[in-house]
Amino acid sequence: MKQIFRWELTVPEADFDRATGFLTLRVPFGWEEQSLPTGETVFRVHCDNPDFVQQLRQDSLAWLPEAVCQVDSLEAQDWLAAWRQFFTPVVCGRFVVLPPWLAEDPAFADKIRIIIEPKSAFGTGHHATTALCLEVLSSLLDAGRLRAGQTFLDLGTGSGVLGIACCKSGLRGLGLDIDPLAVENAEENRARNAVPGLDLGLGGVEAAEGHTYDLILANILARPLTEMAPDLVRRLTPGGCLVLSGLLDIQADGVTAAYAAQGLPAPRQVARESWRALIWK
């Protein structure tokens with residue numbers, strides 16, 4: 001049975017923001033947080049790549065010398081059993097993200113179900129930025145700004161949650177990721193959800209060269225979103241919708257400025273916890 005590695009970092013209250021910034025840069029697929037009575041916070045990351053975990057350990061101690069770091073291994077079946085015990089459905093507007101064992105739960109009969117098999121290094125919809133994007137997508141559909149038959153680009157598709165949500169809403173498009181394991185996971189989830197109209201590929205925005213889209217979703221990080229501003233705007237159909245996330249509150253203005261330089265107006269901003277999504281519609 002394949003092993004899962006658990007990286008655990010305990011930081012004092014004063015280092016909470018610094019630790020969150022570090023994880024934002026290094027662990028885009030999300031992490032767990034636990035607040036302790038002492039004021040400390042425990043951050044946890046599960047991953048099946050031992051090299052990634054050891055590098056994360058080394059870098060975190062250099063970044064946060066006052067923190068306490070521990071790496072443990074556990075059997076994959078134990079990790080999945082924990083997911084089964086603690087996994088909670090993620091409801092975002094008209095959507096709900098569910099694991100396979102809750103796929104037929106009648107409590108969500110009125111929602112569009114996105115079935116995602118929890119994996120150690122890919123999103124399940126629990127990360128605030130993914131939930132933000134699903135909520136924004138739901139609101140754009142409700143408002144009639146998006147409709148069946150339109151096209152989308154999901155950049156940094158990860159587990160494919162956003163692309164699957166688009167396809168289940170009648171859109172068709174392309175999901176891209178620079179991580180081949182993410183593409184493989186998205187392919188598994190595409191099959192699990194039996195969605196037509198979702199193409200998947202390995203690469204960044206350059207892989208979409210020559211095409212324009214009615215909707216572009218990019219849930220990545222502030223720096224690449226800033227650098228890709230000319231490419232993303234060029235690939236947006238005139239009058240289309242652009243949704244960017246993966247941004248901390250303090251990063252939103254800088255990313256907004258990069259797109260203003262490309263001629264876009266001020267975006268609408270939506271916040272969830274300490275994260276922001278920028279929406280041009």
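Between the CG atom in Leu23 and the CZ atom in Phe43 there is a gap of 6.0 Å [rounded to 0.5 Å]. Atom CD1 of Ile178 sits about 9.0 Å away from atom CG of Leu155, to the nearest 0.5 Å. Taking OG1 from Thr226 and CD from Gln251, the interatomic distance works out to 8.0 Å, rounded to the nearest 0.5 Å. With values rounded to the nearest 0.5 angstrom, Thr151 atom OG1 is found 13.5 Å from Arg235 atom CZ. Interatomic distance, NZ of Lys168 versus CZ of Phe95, reported as 10.0 Å (0.5 Å rounding). Interatomic distance, Trp280 CH2 to Cys241 SG, rounded to the nearest 0.5 Å: 12.0 Å.
The shortest distance between side-chain heavy atoms of Val183 and Leu176 does not fall below 4.5 Å. Looking at Phe152 and Leu162, their side chains never come closer than 4.5 Å, going by heavy atoms from C-beta outward. Looking at heavy atoms from C-beta onward, Asn185 lies in side-chain contact with Asn189 at the 4.5 angstrom threshold. Looking at Phe5 and Asp72, their side chains never come closer than 4.5 Å, going by heavy atoms from C-beta outward. Side-chain contact between Ser138 and Asp142 is present, with heavy atoms from C-beta onward closer than 4.5 Å. For the pair Leu98 and Ile114, the minimum side-chain heavy-atom distance is 4.5 Å or more. The shortest distance between side-chain heavy atoms of Leu217 and Leu153 does not fall below 4.5 Å. For the pair Leu200/Leu198, a side-chain contact is recorded, criterion being any heavy-atom separation below 4.5 Å from C-beta on.
Remark: side-chain polar atoms of Thr237 are not paired, donor with acceptor, to backbone N or O of Leu215 under 3.5 angstrom. A donor-acceptor pair under 3.5 Å links the side-chain atoms of Ser139 to the main chain of Val136, judged by distance alone. Judged by distance alone, the side chain of Tyr259 and the main-chain N or O of Val233 form no donor-acceptor pair under 3.5 Å. Proximity of a side-chain donor or acceptor of Asp177 to a complementary backbone N or O of Gly158 within less than 3.5 Å is detected. Looking only at distances, no side-chain donor or acceptor of Lys281 sits under 3.5 Å from a matching main-chain atom of Pro267. Between the side chain of Gln150 and the backbone N or O of Arg147 there is at least one donor-acceptor pair closer than 3.5 Å. Using a distance-only test at 3.5 Å, with no hydrogens or angles considered, a donor-acceptor pair links the side chain of Asn193 to the main chain of Ile115. A donor-acceptor pair is defined here as one N or O able to donate and one able to accept, closer than 3.5 Å; no such pair exists between the side chain of Trp7 and the backbone of Arg44. A donor-acceptor pair under 3.5 Å links the side-chain atoms of Arg113 to the main chain of Asp105, judged by distance alone. In this structure, Asn219 contributes its side chain and Gly246 its backbone to a donor-acceptor pair below 3.5 Å.
Shown here for Val270 and Leu132, the closest heavy-atom pair between the two residues is CG1-CD2, 3.5 Å. Heavy atoms only, all atoms of each residue included: Ser169 and Leu141 are closest at OG-CD1, 3.3 Å. Of all heavy-atom pairs spanning Ala229 and Ala258, the tightest one is CB-O, 3.8 Å. Closest of all the heavy-atom pairs between Gly239 and Arg145 is O-NH2, 2.9 Å. Of all the heavy atoms in Arg276 and Ala252, the pair that sits closest is CG-CB, 4.2 Å. When every heavy atom of Ser245 is checked against every heavy atom of Thr129, the shortest pair comes out as OG-CB, 3.6 Å.
The environment of Glu206 atom CD is dense: over 12 non-hydrogen atoms of other residues, nucleotides or ligands sit within 6.0 angstrom. Within 6.0 Å of CD on Glu33 lie more than 12 heavy atoms contributed by other residues, nucleotides or ligands. Counted within 6.0 Å of CZ on Arg223, heavy atoms from surrounding residues, nucleotides or ligands total 12 or fewer; the atom is thus considered open.
A cation-pi arrangement is present between Arg18 and Trp63 under the rule of less than 6.0 angstrom and at most 45 degrees off the ring axis.
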>> Please evaluate residues Asp253 and Thr256 with respect to the criterion side chain to side chain donor-acceptor pair (under 3.5 Å), reporting the C-alpha separation (whole Å), side-chain torsions for both, the decisive distance (0.1 Å), and the verdict.
In response: CA-CA 5 Å; Asp253 288 345; Thr256 296; 5.1 Å; no

>> Evaluate Asp249 against Ser274 for side chain to side chain donor-acceptor pair (under 3.5 Å), listing each step before the verdict.
In response: CA-CA 6 Å; Asp249 291 336; Ser274 58; 5.5 Å; no

>> If you apply the rule side chain to side chain donor-acceptor pair (under 3.5 Å), what do you find for Gln55 with Asp51, and how did you get there?
In response: CA-CA 6 Å; Gln55 189 64 52; Asp51 294 334; over 6 Å; no

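Cluster membership for Leu9 and Val42, using ILVMFWY side-chain heavy atoms within less than 4.5 angstrom, is not shared. Trp275 and Ile250 end up in the same hydrophobic cluster when Ile, Leu, Val, Met, Phe, Trp and Tyr side chains are linked at under 4.5 Å.
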